[in-house]
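Since we're looking at a predicted model, the values are computed, not measured.
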Amino acid sequence: MQQRVLVVEDDLTIATSVADRLRAEGFAVELAHDGPTAVRVAEETEPDLVVLDVMLPGFDGLEVCRRVQARRPVPVLMLTARDDETDLLVGLAVGADDYLTKPFSIRELAARVRVLLRRVNRAAVPDLGDLRIDATERRVHRAGVEVHLTPTEFDLLACLADRPRAVLPREQLLRAVWGWNDAGGSRTVDSHVKALRRKLGADLIRTVHGVGYALEVPR
């Protein structure tokens with residue numbers, strides 16, 4: 001079955017180029033050119049991934065991301081016209097998983113889409129103390145209470161859970177979760193760890209300064 005990608009972009013030239021490339025790589029592609037239409041199409045088609053521009057008519061991509069993620073977790077690749085840390089952090093806070101700054105390579109965008117979709121299909125990880133990770137349904141419970149995570153937050157937690165108590169360097173987490181080889185993305189890791197602590201408890205992930213993070217579970 002073809003995986004479905006929703007491309008939300010008000011620049012018709014960019015939208016067409018992205019859609020054509022993704023279709024050529026075997027994806028089914030839906031298009032939307034404004035915020036309200038994007039939310040409606042996402043509800044109707046339930047895409048496997050959303051490519052989402054920040055600046056949109058109607059309401060912006062951040063609001064689209066909030067509404068889409070509130071309905072069901074879905075990987076989101078955000079497109080932004082500025083390499084601005086504020087845009088990045090706000091995008092991550094509302095559920096975006098990755099971002100590209102315009103102008104970007106269509107080839108790189110397609111590669112990022114594939115990396116995000118591969119992460120969604122990761123193998124199962126075991127339960128850990130009062131933390132239960134269901135990889136099949138992509139659900140997480142702590143102390144019997146379900147916790148809503150974005151797709152990237154889930155994958156980061158699963159990566160840490162693969163080696164409980166082991167300290168995983170930021171660079172290793174970037175490669176495993178985001179598919180990045182550039183250590184310059186460490187702030188992305190830090191932001192997602194902060195979100196996990198807020199949702200699951202500050203005691204769950206230990207910081208090893210200058211190195212990385214470890215999942216703390218009972219021995």
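Within the 3.5 Å criterion, the main-chain N or O of Glu216 finds no donor-acceptor partner in the side chain of Arg206.
Contact record, Leu62 with Met78: CD2-CE, 3.9 Å, taken as the closest heavy-atom pair. Of all heavy-atom pairs between Phe154 and Asp134, the closest is CZ-O, 3.9 Å.
Leu157 is listed as a side-chain neighbour of Leu131, based on a closest heavy-atom distance under 4.5 Å. In this structure, His33 and Pro57 have side chains that are not in contact, with every pair of non-hydrogen atoms separated by 4.5 Å or more. For the pair Arg197 and Thr207, the minimum side-chain heavy-atom distance is below 4.5 Å. Contact annotation: the side chain of Arg132 never approaches that of Val140 to less than 4.5 Å [non-hydrogen atoms, C-beta and beyond]. Side-chain contact check for Leu204 versus Leu196: every heavy-atom pair is 4.5 Å or farther apart. Looking only at side-chain heavy atoms (C-beta outward), Leu49 and Phe27 stay at 4.5 Å or farther from each other. Under the 4.5 Å side-chain criterion, counting only non-hydrogen atoms from C-beta, Arg138 is in contact with Asp155. Within the 4.5 Å cutoff, the side chain of Glu9 has no heavy atoms near those of the Val18 side chain.
Glu46 has no carboxylate O lying under 4.0 Å from a charged side-chain N of Arg4, or vice versa, which leaves the two without a salt bridge.
If you take CG on Leu160 and CG on Leu215, they are separated by 6.0 Å, rounding to the nearest 0.5 Å. Note that CG of Leu156 and CG of Leu174 are 9.5 Å apart. Values are rounded to the nearest 0.5 Å. To the nearest 0.5 angstrom, Asp34 atom CG is 12.5 Å from Asp60 atom CG. Rounding to the nearest 0.5 angstrom, the gap separating the CG atom in Leu6 from the CG atom in Asp48 is 11.0 Å. Considering CG of Asp162 and CG of Leu168, their distance stands at 8.5 Å, rounded to 0.5 Å. To the nearest 0.5 Å, atom CD of residue Glu153 and atom CZ of residue Arg198 are 7.0 Å apart.
Cluster annotation: Ile14 and Val5 are assigned to the same hydrophobic cluster (Ile/Leu/Val/Met/Phe/Trp/Tyr, side-chain heavy-atom contacts under 4.5 Å, transitive).
The side-chain contact (heavy atoms from CB on, under 4.5 Å) search around Thr16 returns Asp20, not counting sequence neighbours. Annotation: salt bridge (charged side-chain N to carboxylate O under 4.0 Å, His left out) contacts of Arg40 (sequence neighbours excluded): Glu44.
In this structure, Arg67 forms a cation-pi arrangement with Phe59, its terminal cationic atom sitting closer than 6.0 Å to the ring centre and no more than 45° off the ring axis.
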Salt bridge (charged side-chain N to carboxylate O under 4.0 Å, His left out) between Glu25 and Arg21, worked out: CA-CA 6 Å; Glu25 297 206 10; Arg21 177 58 184 255; 2.8 Å; yes
Worked verdict on Asp97 versus Thr150 for side chain to side chain contact (heavy atoms under 4.5 Å, CB included): CA-CA 8 Å; Asp97 297 276; Thr150 69; 4.2 Å; yes
Trace of the side chain to side chain contact (heavy atoms under 4.5 Å, CB included) decision for Glu63 with Leu56: CA-CA 10 Å; Glu63 182 61 23; Leu56 294 169; over 6 Å; no
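When the shell of 6.0 Å around NZ of Lys194 is examined, it contains 12 or fewer heavy atoms from other residues, nucleotides or ligands. The 12-atom threshold is not exceeded at CZ of Arg163, counting heavy atoms of other residues, nucleotides or ligands nearer than 6.0 Å.
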Review item, side-chain donor-acceptor pairs of residues 103-110, under 3.5 Å, at least two apart:
from: Ser105; atom 1: OG; to: Arg107; atom 2: N; distance (Å): 3.2
from: Ser105; atom 1: OG; to: Glu108; atom 2: N; distance (Å): 3.1
from: Glu108; atom 1: OE2; to: Arg112; atom 2: NH2; distance (Å): 2.8

